[in-house]
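Just below is one structure, and these are the notes that go with it.
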Amino acid sequence: MMRVQKDMQNKAQMFRRAVVCAVLLLAGCASGPGGGIYVPAGERPQAPKPPLTDGAAKPADEPQVWRKSEQPPEQKSQQPTGVPGYRESGDQMPAAAAGLVKEADTLIAQGNGAAAITRLERAQRIAPRSAAVYFKLSEAYVMTGQLASAEQFTLKGLSLAGRNERLQRSGWLLLADIRKARGNVAGAQQAESRAARL
């Protein structure tokens with residue numbers, strides 16, 4: 001009986017020592033910030049550098065980085081391009097093409113349709129979107145008796161006349177004359193009615 005009591009006292013003592021050791025070990029680990037981390041002598045951990053503000057000078061070796069929000073807004077060009085849009089093309093043409101059309105007018109008046117076509121083809125290369133050049137080419141082809149070509153150039157001119165009602169009207173009337181000359185009465189009436197609506 002005495003022996004059993006002595007064993008129990010020894011076990012209780014051992015348990016208390018173990019508890020004390022555990023408490024001391026935990027107290028050592030929780031002694032403060034940085035106390036549980038090994039730091040070699042002479043070296044101190046460095047805190048990260050604070051971010052630079054706008055007024056602070058940046059180190060010379062650091063490359064300049066521009067954020068999208070720091071860049072000045074781009075100036076969009078509001079200047080007209082000088083090239084008319086498809087619908088506004090109308091009868092605008094460069095001076096060189098206008099000079100060739102004027103020469104072609106003179107040649108047509110003199111009855112020289114072939115020479116007029118040559119001048120107008122050059123004008124067409126200079127101003128490929130000018131409806132007036134196509135209508136004048138059509139007149140020259142009519143003079144030379146090439147009515148199918150004349151009709152095609154008139155239709156091309158109509159497609160480029162845009163919102164210019166004067167050009168559209170003259171184009172439809174020219175087409176009506178060409179179709180009458182080709183014997184296409186219904187087509188001619190249709191072209192005349194289109195001209196009358198303008």
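Because the structure is predicted, anything quoted here is derived from the model rather than measured.
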Taking every non-hydrogen atom, the tightest pair across Ala131 and Leu167: CB-CD1, 4.0 Å
For a side-chain contact (heavy atoms from CB on, under 4.5 Å) check, start with the C-alpha distance between Leu158 and Phe135, then their side-chain angles and the critical distance, and finish with the verdict. CA-CA 8 Å; Leu158 280 168; Phe135 293 154; 4.2 Å; yes
Same cluster for Met93 and Leu107 if Ile/Leu/Val/Met/Phe/Trp/Tyr side chains link at under 4.5 Å? no
Measuring from atom CD of Gln152 to atom CG of Leu137, what distance do you get when rounded to the nearest 0.5 angstrom? 13.0 Å
Within the 4.5 Å heavy-atom criterion, are Lys136 and Ile108 side-chain neighbours or not? yes
Looking at CD of Gln5 and CD of Gln9, how far apart are the two atoms once the value is rounded to the nearest 0.5 Å? 7.0 Å
For Ser138 and Thr154, work out which heavy atoms get closest and say how close. OG-OG1, 2.6 Å
Mind checking whether Ile126 and Ile117 sit in one hydrophobic cluster, side chains of I, L, V, M, F, W, Y counted as touching below 4.5 Å? no
More than 12 heavy atoms of other residues, nucleotides or ligands under 6.0 Å from CD of Gln190: yes or no? no
First locate atom CG of Leu120, then atom CZ of Arg125, and finally report the distance between them rounded to the nearest 0.5 Å. 11.0 Å
Sequence neighbours left out, what passes ring pair (Phe, Tyr, Trp, His ring centres under 6.0 Å) with Tyr134? Give chain and number order. none
List in chain and number order the residues that pass salt bridge (charged side-chain N to carboxylate O under 4.0 Å, His left out) with Arg182, two or more places apart in sequence or in another chain; answer none if no residue qualifies. Glu151
Contact between Val185 and Gln189 at the side-chain level, heavy atoms closer than 4.5 Å - yes or no? yes
Shortest non-hydrogen pair, Val101 vs Ala123, comes out as CG2-CB, 4.2 Å
Starting at OG of Ser149, measure out to CD1 of Ile178 and round the result to the nearest 0.5 Å. 10.0 Å
Heavy-atom pair with the smallest gap, counting every atom of Arg179 and Ala191: NH1-CB, 4.3 Å
Applying side chain to side chain contact (heavy atoms under 4.5 Å, CB included), can you list everything that pairs with Leu173, at least two apart in sequence or on another chain? Arg169, Ala195
Listed by chain and number, what are the ring pair (Phe, Tyr, Trp, His ring centres under 6.0 Å) partners of Phe153, not counting sequence neighbours? Tyr141
To the nearest 0.5 Å, how far apart are CZ in Phe15 and CG in Asn10? 15.0 Å
Under the salt bridge (charged side-chain N to carboxylate O under 4.0 Å, His left out) test, residues paired with Glu103 that sit two or more places apart: Arg119
Straight-line distance of Thr118 OG1 to Leu100 CG, nearest 0.5 Å: 11.0 Å
By the salt bridge (Lys or Arg N to Asp or Glu O under 4.0 Å) test, which pairs, at least two apart or in different chains, include something from residues 185-198? Lys180-Glu192
